[in-house]
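These notes are about the structure you will find just below.
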Amino acid sequence: MFSVRGRGTARRLAAATLVSGLVAAGTMAMAGPAFADDAPGAGGVKAKLGNLSKEESGGVQIFEKDGSDPWSVQGGLFNMQVEGGGSLSTYCIDLRTPAKHDFDYKEVGWDQSSLHNNDNAGKILWILENGYPKLSTKDLGDKLGVDLSKSEAAAGTQAAIWTLSDDVTAKPKAEDALKLTTYLLENAKKLEEPKPSLSLSPSSVAGKSGEKLGPITVNTNVANDGVKVAAVPGVAAGVKIVNKAGEPVTTASNGDEIFFDVPAGTADGTAELAVEATTKVQLGRAFVSIDGPSQTLILAGSSDSTVTAKATAAWAKKGVIPAVTVAKDCAKGGLEVVASNEGDEDWTFELKGTSYTVAGGETKTIPVKLAEDEAYKFTITGPNGFEQTFEGVLDCETAPPGPKPSETTPGTEPTTPAPSPSVTDGTTGGDTAGGSTGTTGGGDLAETGSSNATPMIAGIAAALVLVGGGAVFFLRKKKTAGH
């Protein structure tokens with residue numbers, strides 16, 4: 001099943017269309033289910049998006065390249081809670097897209113985010129390493145000869161990042177914060193992409209029983225032997241996780257190769273292994289939503305956090321023995337599905353309404369084109385209980401510039417951040433100007449610029465009241481959400 005969620009299309013429809021209660025209910029249904037990681041081996045951190053920090057955010061003016069009037073947003077740090085334990089601080093690298101409260105995010109490499117074609121990605125990492133909160137307000141203030149507050153330090157760092165991530169000129173309103181932005185941009189140098197916290201490659205292997213199936217390589221920033229390794233409960237009797245020498249393993253380090261050891265005579269089947277560690281995620285790792293379109297974030301700080309990854313194996317004595325991996329290919333605008341068959345018979349499966357055949361001993365790479373922000377879900381099946389489902393959203397670009405909403409005067413600060421009524425219980429956000437809001441799950445946060453730059457009229461309520469045989473329409477338009 002494939003569905004499409006177009007960022008630009010949704011905004012135009014929201015601004016131009018009177019949405020009925022039935023359609024609004026459908027929107028809520030779309031936003032509800034959580035999307036799973038599309039590449040199990042990618043692993044790493046999964047985290048839930050919290051609020052924009054009230055203390056660590058400040059006003060920023062955005063100047064577009066076309067010379068249009070500037071517009072204002074709040075820029076600063078978002079809080080995120082890690083699944084399994086831990087917390088993260090992140091900045092926005094997708095200025096015009098709403099941030100969705102309580103959406104789940106996953107850690108990805110730059111090639112699977114809007115940074116995949118950004119020549120300034122390495123400079124953004126330098127800004128993170130030399131900005132706030134990596135350096136304290138005192139350290140930064142001493143460099144600049146000013147007395148920086150947390151609000152000014154966060155706004156100044158975010159503005160420098162936006163200038164490089166979204167092709168705008170972002171200027172904090174506070175004079176000292178602007179000095180920080182200028183310093184960071186003038187001194188930024190390209191750094192190398194940070195390593196993943198934890199991943200497995202490949203995430204799916206296959207072979208005949210009586211063999212070691214693999215290798216599966218562990219990639220991590222965790223210290224030696226800091227990764228726990230175990231077979232997932234339910235594995236067939238006698239199947240073990242071993243190293244290259246065939247010795248059972250319970251821990252692993254970066255670069256280690258691990259295998260499924262399947263004894264001869266084991267009934268045809270499948271198994272799964274899991275790896276887990278506790279580590280600080282490296283600055284500059286990108287985070288993308290797995291619940292639907294929501295602004296892309298970049299890591300600015302991490303506590304000790306739980307990181308995980310999984311890999312699967314399939315085996316048989318003869319016949320079809322399948323393995324499948326799927327990864328986003330932002331450079332080509334879609335997915336790359338790699339299907340292999342370690343058996344001695346042809347394997348035929350369906351993908352997006354098309355049948356594919358992989359001969360015994362063959363590996364086939366299948367490109368799947370997707371539109372930006374298109375949601376996808378598909379299941380690939382094979383013999384002996386082989387079944388893998390891949391779900392996600394293709395989010396590879398920053399949102400383009402758009403017209404400003406008429407109810408926000410360019411260059412002024414939004415006063416009442418409000419969640420999107422189409423994905424909340426209908427309540428509005430808090431009245432704290434420029435801070436995080438009391439949004440309910442799934443609502444637009446006080447966003448990093450998205451609602452001031454584009455018409456984010458997130459929902460329109462319509463009531464039809466019959467009076468004396470005539471129809472009277474009452475419309476209520478929600479205020480757009482500020483960052």
Side-chain angles (χ1 to χ4, degrees), residues 34-50 80-90 102-109 112-113 194-205 213-235 239-243 248-260 270-291 297 299 301-313 323-328 388-393:
F35 287 99
D37 187 351
D38 58 29
V45 165
K46 291 184 180 179
K48 189 176 294 293
L49 181 60
M80 303 183 77
Q81 293 302 312
V82 175
E83 180 182 293
S87 60
L88 309 174
S89 295
T90 54
D102 276 349
F103 267 30
D104 287 325
Y105 278 68
K106 67 174 180 177
E107 173 193 350
V108 298
Q112 296 191 44
S113 75
K195 292 182 179 180
S197 58
L198 181 61
S199 67
L200 297 174
S201 179
S203 60
S204 180
V205 295
L213 311 184
I216 299 166
T217 303
V218 178
N219 302 294
T220 183
N221 67 351
V222 179
N224 289 344
D225 293 328
V227 178
K228 299 176 183 177
V229 181
V232 173
V235 66
V239 176
K240 300 176 182 178
I241 311 302
V242 300
N243 59 19
V249 296
T250 57
T251 62
S253 301
N254 182 53
D256 284 357
E257 293 181 341
I258 54 179
F259 302 77
F260 289 87
T270 61
E272 187 175 47
L273 69 80
V275 294
E276 180 180 303
T278 299
T279 186
K280 285 182 171 66
V281 186
Q282 291 193 345
L283 298 192
R285 292 293 287 173
F287 280 79
V288 298
S289 168
I290 55 177
D291 276 352
L297 304 168
L299 189 72
S302 170
S303 71
D304 285 341
S305 300
T306 301
V307 294
T308 60
K310 291 183 178 181
T312 62
V324 179
T325 62
V326 175
K328 289 191 179 84
Q388 290 195 18
T389 297
F390 302 92
E391 301 180 74
V393 177

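If you're wondering where the values come from, they're calculated on a predicted model, not measured in any experiment.
Counting only distance, with no hydrogens or angles, the side chain of S204 and the backbone of A323 share no donor-acceptor pair below 3.5 Å. Using modelled atom types, one side-chain atom of S302 and one backbone atom of V281 make a donor-acceptor pair closer than 3.5 Å. Side chain of E107 to backbone of S197: a donor-acceptor contact under 3.5 angstrom is found. Between the Q282 side chain and the K195 main chain, a donor and an acceptor come within less than 3.5 Å of each other. Judged by distance alone, with hydrogens and angles left aside, the side-chain atoms of S303 form a donor-acceptor pair with the main-chain N or O of S87 at under 3.5 Å. In this structure a side-chain-to-backbone donor-acceptor pair under 3.5 Å is missing from D104 to D291. Put simply, the side chain of D225 never gets that close to the backbone of S253: no donor and acceptor are under 3.5 Å apart.
By the side-chain hydrogen bond (donor to acceptor under 3.5 Å, both in side chains) test, S289 pairs with no residue at all, sequence neighbours left out. Remark: K240 engages no residue in a salt bridge (charged side-chain N to carboxylate O under 4.0 Å, His left out) (not counting sequence neighbours).
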TODO: Under the side-chain contact (heavy atoms from CB on, under 4.5 Å) rule, what do L297 and M80 come out as? Steps first, then yes or no, please.
DONE: CA-CA 10 Å; L297 304 168; M80 303 183 77; 3.9 Å; yes
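Nearest heavy atom pair, residue P194 against residue L283, reads CG-O, 3.3 Å.
Counting only residues at least two apart or on different chains, the salt bridge (charged side-chain N to carboxylate O under 4.0 Å, His left out) pairs with a member in residues 273-282 are K280-D304.
Annotation for K48: atom NZ counts as buried by contact number, over 12 foreign heavy atoms lying within 6.0 Å.
Results of the side-chain contact (heavy atoms from CB on, under 4.5 Å) test with V227 over V307, T251, L198 single out L198 as the only residue that passes.
How far CG of D102 is from CG of L49: 8.0 Å, rounded to the nearest 0.5 Å.
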